[in-house]
Amino acid sequence: MSYDLNEVMRHFKANSNVSPYGEGHINDTFLADSSPYRYLLQRINHNIFKDVDGLMNNIVAVTDYLREVITKEGGNPDRETLTVIRTTDDKNYYCSPEGKYYRMYIYIEDSVAYQQVENKEQFYHAAKAFGKFQNQLAGFDASRLNETIPDFHNTRARFAQLKEAIKNDKAGRLKEVQAEVEFALARENEVGIVVDAIERGEIPLRVTHNDTKLNNVLFDNKTDEAVCVIDLDTVMPGSMLYDYGDSIRFGASSGPEDEKDLDKIYCDLELFDAYTKGFLEELSDSITEKELDLLPFSARLMTYECGIRFLADYLNGDTYFKIHYPEQNLDRCRTQFKLVADMEKKDAQMTEIVNKYRK
Ligand code: ADP
Ligand code: GN1
Ligand code: MG
């Protein structure tokens, strides 16, 4: 552990062994072992989250609210939601003299985050967890939330960002990615479908998670049931289609997000079925007809959106997502586009599956 992190830990009144942890693409995460307790220390990505105060106020407001709901439901709030540890001067984050931001959570013991779905029951439980999360926040006043990343799932804005990245070609990579750029630009007519429906009031804004990757839910080691929805940085007003679509994007893929062999990548309809079942079991009372109609499309849209974000980041010289090798963002973009193409072919089957669970 570097001196730097020792010093940081002192501001949380904890002395511990700190080691890198987890596989998130955004923050730097560490496990802090302060026997007999363990904590999760995070260096917040301040390049991405410009207003850390607003971000942490969101997380505290949401987790305080969830604590009450979970307690009323007879659950264990220390395990079923994140708990922010305050600093010695009673703040919910620490800013170091060099301008780095840190926060600490209770480490949720006996739990595991999966990087890929192992079986369909697991994915079904993830769906229940994200569905339940949305139900538990249904009474939360969305106007209390800061927009931590503006236009986060505004696919039209994401498309504009891609066009800007193409125009600027900052990293000189445009010539390598002609096929991907062509694929992205050919689908411009679809980028406004969900945002326009929101703007026209055809689908409601709700309090949503907005980053519903499988590794943002912790599973119990023993029962393999979902314990806690984590990574609350992007909890903001949004559409439930974002949460559904983003989960399918990551979890119903037959392979990892950066798989190089695209022959291995397709949308697994059994997994799609399991997630749809769990999600609709939880949300059947609140989901509207229009949202139900758009579920299959939202999976494709969120996959496309993530693909164009990876492509834009590759063109910009990898300034947003963490990478572990130079072409990783391009590999990630390619798997997303492969999934989009596969979902386009499977649209009728996906609709049939959604209809099976429609009340
Ligand atoms: P990022 O924003 O970079 O994705 P996350 O908040 O998702 O960061 O954390 C990264 C990983 O750390 C998670 O996927 C999970 O494995 C682990 N993790 C995060 N918070 C906790 C916690 N409170 N208890 C146990 N593990 C956690
Ligand atoms: C990021 O933080 P993480 O790894 O859970 C990203 C998501 C992307 C995802 C792609 C704040 O999620 O939007 O869908 O990578 N989070 C942010 O894997 O941009
Ligand atoms: Mg995460």
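Here the structure is a predicted model, which is why all the values come from computation and not from measurement. In listed order, ligands and their atoms are each counted from 1.
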For [X] and [Y], does a side-chain donor sit closer than 3.5 Å to a side-chain acceptor?
X    : Y    : value
N146 : N58  : yes
S284 : R358 : no
E291 : T288 : yes
H25  : Q328 : no

Can you tell me which residue and heavy atom of the protein come closest to [atom], and the distance to 0.1 Å?
atom                    : result
atom 13 (O) of ligand 2 : R309 NH1, 2.8 Å
atom 7 (C) of ligand 2  : D211 OD1, 3.5 Å
atom 14 (O) of ligand 2 : R249 NH2, 3.4 Å
atom 2 (O) of ligand 2  : I26 CG1, 3.1 Å

Does only the side chain of [X] get under 4.0 Å from ligand 2, or the backbone, or both, or neither? Count heavy atoms.
X    : answer
Y320 : side chain
D233 : neither
Y242 : neither
H25  : both
E23  : neither

| message | Just to be careful: counting only protein atoms that are N, O or S, how many fall under 2.8 Å of the Mg ion (ligand 3)? | response |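 Those protein atoms number 2 in total.
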
Exercise. Can you find an N or O of K213 that's nearer than 3.5 Å to an N or O of ligand 2?
Worked result: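 Such a contact does occur with ligand 2.
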
[X]/[Y] aromatic ring centres below 6.0 Å:
X    : Y    : value
Y124 : Y275 : no
Y39  : Y107 : no
F279 : F130 : no

- Task: Anything under 30° is parallel, anything over 60° is perpendicular, the rest tilted; go ahead and classify H153 against Y242.
- Result: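 The rings of H153 and Y242 sit tilted, inter-plane angle from 30° to 60°.
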
About how many Å separate NE2 of H209 and CE of M236, when rounded to the nearest 0.5 Å?
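NE2 of H209 is found 10.5 Å from CE of M236.
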
What distance separates L162 CG from E188 CD, expressed to the nearest 0.5 Å?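 Answer for the CG-CD pair, L162 versus E188, is 10.0 Å.
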
Can you name the one residue among D231, D233, L232 that meets side-chain contact (heavy atoms from CB on, under 4.5 Å) with V235?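 Output: one option passes, namely L232.
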
Can you sort out which atoms of ligand 2 are near [X], meaning under 4.0 Å from one of its heavy atoms?
X    : result
G24  : 4 (O)
E257 : 10 (C), 18 (O)
C306 : 10 (C), 14 (O)
D231 : 2 (O), 3 (P), 5 (O)
N216 : 5 (O)

Less than 6.0 angstrom from the centroid, inside 45 degrees of the normal: does R187 satisfy that with respect to the ring of F183?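 Pair R187/F183 counts as cation-pi.
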
Check your understanding: Does R43 make a cation-pi contact with Y101 (under 6.0 Å, within 45 degrees of the axis)?
Key ->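 Pair R43/Y101 does not count as cation-pi.
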
**Asked** Can you list the steps and then say if N27 with T29 is a side chain to side chain donor-acceptor pair (under 3.5 Å)?
**Response** CA-CA 6 Å; N27 298 302; T29 302; 5.9 Å; no

**Prompt:** Could you give all pairs that pass the salt bridge (charged side-chain N to carboxylate O under 4.0 Å, His left out) test and reach residues 14-27, with sequence neighbours left out?
**Reply:**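 Every pair satisfying salt bridge (charged side-chain N to carboxylate O under 4.0 Å, His left out) with a residue in residues 14-27: there are none.
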
- How would you list all residue pairs meeting salt bridge (charged side-chain N to carboxylate O under 4.0 Å, His left out) that involve residues 332-343, not counting sequence neighbours?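 Qualifying pairs, neighbours excluded: E180-R334, D342-K346.
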
Run through all N or O atoms in ligand 1 and write down each protein N or O closer than 3.5 Å, as a pair with its distance.
{"from": "ligand 1", "atom 1": "2 (O)", "to": "N27", "atom 2": "ND2", "distance (Å)": "3.0"}
{"from": "ligand 1", "atom 1": "2 (O)", "to": "D231", "atom 2": "OD1", "distance (Å)": "3.4"}
{"from": "ligand 1", "atom 1": "2 (O)", "to": "D231", "atom 2": "OD2", "distance (Å)": "3.1"}
{"from": "ligand 1", "atom 1": "3 (O)", "to": "I26", "atom 2": "N", "distance (Å)": "3.3"}
{"from": "ligand 1", "atom 1": "3 (O)", "to": "N27", "atom 2": "N", "distance (Å)": "2.9"}
{"from": "ligand 1", "atom 1": "4 (O)", "to": "D231", "atom 2": "OD2", "distance (Å)": "3.0"}
{"from": "ligand 1", "atom 1": "6 (O)", "to": "Q42", "atom 2": "NE2", "distance (Å)": "2.9"}
{"from": "ligand 1", "atom 1": "7 (O)", "to": "N216", "atom 2": "OD1", "distance (Å)": "3.0"}
{"from": "ligand 1", "atom 1": "7 (O)", "to": "D231", "atom 2": "OD2", "distance (Å)": "3.0"}
{"from": "ligand 1", "atom 1": "8 (O)", "to": "Q42", "atom 2": "NE2", "distance (Å)": "3.3"}
{"from": "ligand 1", "atom 1": "9 (O)", "to": "Q42", "atom 2": "NE2", "distance (Å)": "3.3"}
{"from": "ligand 1", "atom 1": "14 (O)", "to": "N215", "atom 2": "O", "distance (Å)": "2.8"}
{"from": "ligand 1", "atom 1": "23 (N)", "to": "I106", "atom 2": "O", "distance (Å)": "3.0"}
{"from": "ligand 1", "atom 1": "24 (N)", "to": "I108", "atom 2": "N", "distance (Å)": "2.9"}

* Is a side-chain donor or acceptor of D151 paired with a backbone partner of N154 at a separation under 3.5 angstrom? ->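 Such a contact is absent between D151 side chain and N154 backbone.
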
